[in-house]
K.L.:
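I am attaching a structure below and will ask some questions about it afterwards.
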Amino acid sequence: MIAFKIRQEPIIGLEELSRIRMAFEVKSLFEARRSDTGEIELCERWLEAPYLKDYDAIPGNRPIDLPRHFDLSNWCLLSARYDQRWIGGALIAWKTTGVDLLENRDDLAVLWDLRVNPADRRRGVASALFEQAVSWAQSRGCRALKIESQNNNVPACRFYSSRGCRLRDVLSGVYADFPEEIQFLWYKDFA
């Protein structure tokens, strides 16, 4: 474990967040099915040919591109720093027109982006950022934090599940440029 600090940053810090690579090797996929009780069950399927998924390689998809699409005045940017160097960050959306994931609700926040420098992963950075995102949303009267992931991001799905998030929606055909990817919508409900 390294000694890092989490702090809230001005939105202009999106440039720093964009420097942290959002890529991972896809070795397996989750397939989802509804159980007899209506719960969503995930079954892991290993791939014969793993591949690299790089969200930042998608044009217009980097955090630095967001101000062109949305008013970020109600958003929160968190940094995880070690010796003033950004090793991770999180971006939370709240009360923003045009963000469909917010469902037109003022009591819902969306964890839009959570990333950790590959060399600093598995050291508690993502957990600390997630907990701070939960605290930030709760302090604004939110009843839940919503997170989008995909079936090919198995580590993220495991992470959100381990943090008490429940998978509520599984949607095919959401990503026109990536028709094989399935959208998973997780919710962390607050007591």
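These figures come from a predicted structure and were not determined experimentally. Residue numbers run from 1 in the order of the sequence given.
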K.L.:
State whether the side chain of Ser172 and the backbone N or O of Ile182 hold a donor-acceptor pair below 3.5 Å, judged by distance alone.
P.N.:
no
K.L.:
Under a 4.5 Å cut-off applied to non-hydrogen side-chain atoms, are Lys188 and Val134 in contact?
P.N.:
yes
K.L.:
Group every Ile, Leu, Val, Met, Phe, Trp and Tyr by side-chain heavy-atom contacts under 4.5 Å, then state whether Leu77 and Met22 land in the same group.
P.N.:
yes
K.L.:
Anything under 30° is parallel, anything over 60° is perpendicular, the rest tilted; go ahead and classify Tyr160 against Trp186.
P.N.:
tilted
K.L.:
Can Val174 be reached from Phe184 by stepping across I, L, V, M, F, W or Y side chains whose heavy atoms are under 4.5 Å apart?
P.N.:
no
K.L.:
Between Tyr51 and Asn152, does any side-chain donor sit less than 3.5 Å from a side-chain acceptor?
P.N.:
yes
K.L.:
Hey, what do you get for CD1 (Ile11) to OG (Ser73), rounding to the nearest 0.5 Å?
P.N.:
9.0 Å
K.L.:
Taking Leu14's backbone N and O only, do any of them form a donor-acceptor pair with Ser18's side chain (distance below 3.5 Å, no angle check)?
P.N.:
yes
K.L.:
If you count heavy atoms of other groups shown closer than 6.0 angstrom to CD of Glu25, is the number above 12?
P.N.:
yes
K.L.:
Please check: side-chain N/O of Arg115 versus main-chain N/O of Gly88, any donor-acceptor pairing under 3.5 Å?
P.N.:
no
K.L.:
If you take all heavy atoms of Ala144 and Asp189, which pair is closest and at what distance?
P.N.:
CB-OD1, 3.5 Å
K.L.:
Parallel, tilted or perpendicular, judged at 30° and 60°: which one describes the rings of Phe24 and Tyr55?
P.N.:
tilted
K.L.:
State, yes or no, whether a side-chain contact exists between Cys165 and Ile147 at a heavy-atom distance under 4.5 Å.
P.N.:
yes
K.L.:
Please report the closest heavy-atom contact between Gly141 and Asp107, naming both atoms and the distance.
P.N.:
O-CB, 3.9 Å
K.L.:
Are Ile6 and Leu111 connected in a single hydrophobic cluster, I mean Ile/Leu/Val/Met/Phe/Trp/Tyr linked by side-chain heavy atoms less than 4.5 Å apart?
P.N.:
yes
K.L.:
Got a sec: does the CZ of Arg143 have more than 12 other heavy atoms crowding it under 6.0 Å?
P.N.:
no
K.L.:
Got a second to check how far Leu66's CG is from Asp113's CG, nearest 0.5 Å?
P.N.:
7.5 Å
K.L.:
SG of Cys43 to CZ of Phe30: how many Å apart, nearest 0.5 Å?
P.N.:
9.0 Å
K.L.:
Which atom pair, heavy atoms only, marks the closest approach of Arg121 to Arg21?
P.N.:
NH2-O, 3.5 Å
K.L.:
Short question: side chain of Trp136, backbone of Ile92 - any donor-acceptor pair under 3.5 Å?
P.N.:
no
K.L.:
Could Glu15 and Arg62 be called an ion pair, given the rule that one side-chain N must be under 4.0 Å from one carboxylate O?
P.N.:
no
K.L.:
Using a 6.0 Å distance limit plus a 45 degree cone around the ring axis, check whether Lys53 lies over the aromatic ring of Phe178.
P.N.:
yes
K.L.:
Run the side chain to side chain contact (heavy atoms under 4.5 Å, CB included) check on Thr96 and Leu72 step by step: do they pass?
P.N.:
CA-CA 7 Å; Thr96 305; Leu72 306 183; 5.9 Å; no
K.L.:
Assign the ring pair Phe70 / Trp112 to parallel, tilted or perpendicular, where the plane angle (0 to 90°) is split at 30° and 60°.
P.N.:
perpendicular
K.L.:
Between Leu185 and Arg168, does the side chain to side chain contact (heavy atoms under 4.5 Å, CB included) criterion hold? Intermediate values first, please.
P.N.:
CA-CA 6 Å; Leu185 296 176; Arg168 287 203 195 142; 5.8 Å; no
K.L.:
Going hydrophobic residue to hydrophobic residue with side-chain gaps under 4.5 angstrom, can you get from Phe190 over to Leu108?
P.N.:
no
K.L.:
Would you check if there is a donor-acceptor pair between the side chains of Glu148 and Gln183 at a distance under 3.5 Å?
P.N.:
yes
K.L.:
Indicate yes or no: does Lys5 engage Asp83 in a salt bridge with an N to O separation below 4.0 Å.
P.N.:
no
K.L.:
Return the minimal non-hydrogen interatomic distance between Pro67 and Pro63, and the atom names on each side.
P.N.:
CD-O, 3.9 Å
K.L.:
How about Gln150 and Tyr175: does a side-chain donor come under 3.5 Å of a side-chain acceptor?
P.N.:
yes
K.L.:
Quick check: does any side chain N or O of Arg81 sit under 3.5 Å from a backbone N or O of Arg85, one acting as donor and the other as acceptor?
P.N.:
no
K.L.:
Within the supplied structure, the quantity of interest is the number of heavy atoms (other residues, nucleotides, ligands) at a distance under 6.0 Å from Arg166 CZ; does it exceed 12?
P.N.:
no
K.L.:
Are the charged groups of Glu44 and Arg158 less than 4.0 angstrom apart, N to O?
P.N.:
yes
K.L.:
Are the side chains of Asp71 and Thr97 in touch, meaning some heavy atoms are under 4.5 Å apart?
P.N.:
no
K.L.:
Rounded at 0.5 Å granularity, tell me how far CD in Gln138 sits from SG in Cys142.
P.N.:
9.0 Å
K.L.:
To the nearest 0.5 Å, tell me how far Leu91 CG sits from Cys76 SG.
P.N.:
8.0 Å
K.L.:
Looking at Leu145 and Phe130, what are the two nearest heavy atoms and their distance?
P.N.:
CD2-CE1, 4.0 Å
K.L.:
Could you state the interatomic distance from CG (Asn61) to NE2 (His69), rounded to the nearest 0.5 Å?
P.N.:
8.5 Å
K.L.:
Check for me whether the distance between the ring centres of Phe4 and Trp86 falls short of 6.0 Å.
P.N.:
no
K.L.:
Is there a path of hydrophobic side-chain contacts, each under 4.5 Å between heavy atoms of I/L/V/M/F/W/Y residues, joining Tyr187 to Ile40?
P.N.:
no
K.L.:
Tell me, with the steps shown, if Phe159 and Ser149 meet side chain to side chain contact (heavy atoms under 4.5 Å, CB included).
P.N.:
CA-CA 11 Å; Phe159 174 79; Ser149 69; over 6 Å; no
K.L.:
Determine yes or no for a side-chain-to-main-chain donor-acceptor pair under 3.5 angstrom, with Lys146 supplying the side chain and Leu101 the backbone.
P.N.:
yes
K.L.:
Between the side chains of Arg45 and Ser28, is a donor N or O closer than 3.5 angstrom to an acceptor N or O?
P.N.:
no
K.L.:
When you measure from the side chain of Asn74 to the backbone of Lys95, do you find a donor-acceptor pair of N or O atoms at a distance under 3.5 Å?
P.N.:
yes
K.L.:
If you take all heavy atoms of Ala32 and Leu42, which pair is closest and at what distance?
P.N.:
CB-CD2, 3.8 Å
K.L.:
For side chain to side chain contact (heavy atoms under 4.5 Å, CB included), just list the numbers for Glu16 and Ser79, CA-CA rounded to whole Å, side-chain angles, deciding distance to a tenth of an Å, and then say yes or no.
P.N.:
CA-CA 9 Å; Glu16 289 293 328; Ser79 69; over 6 Å; no
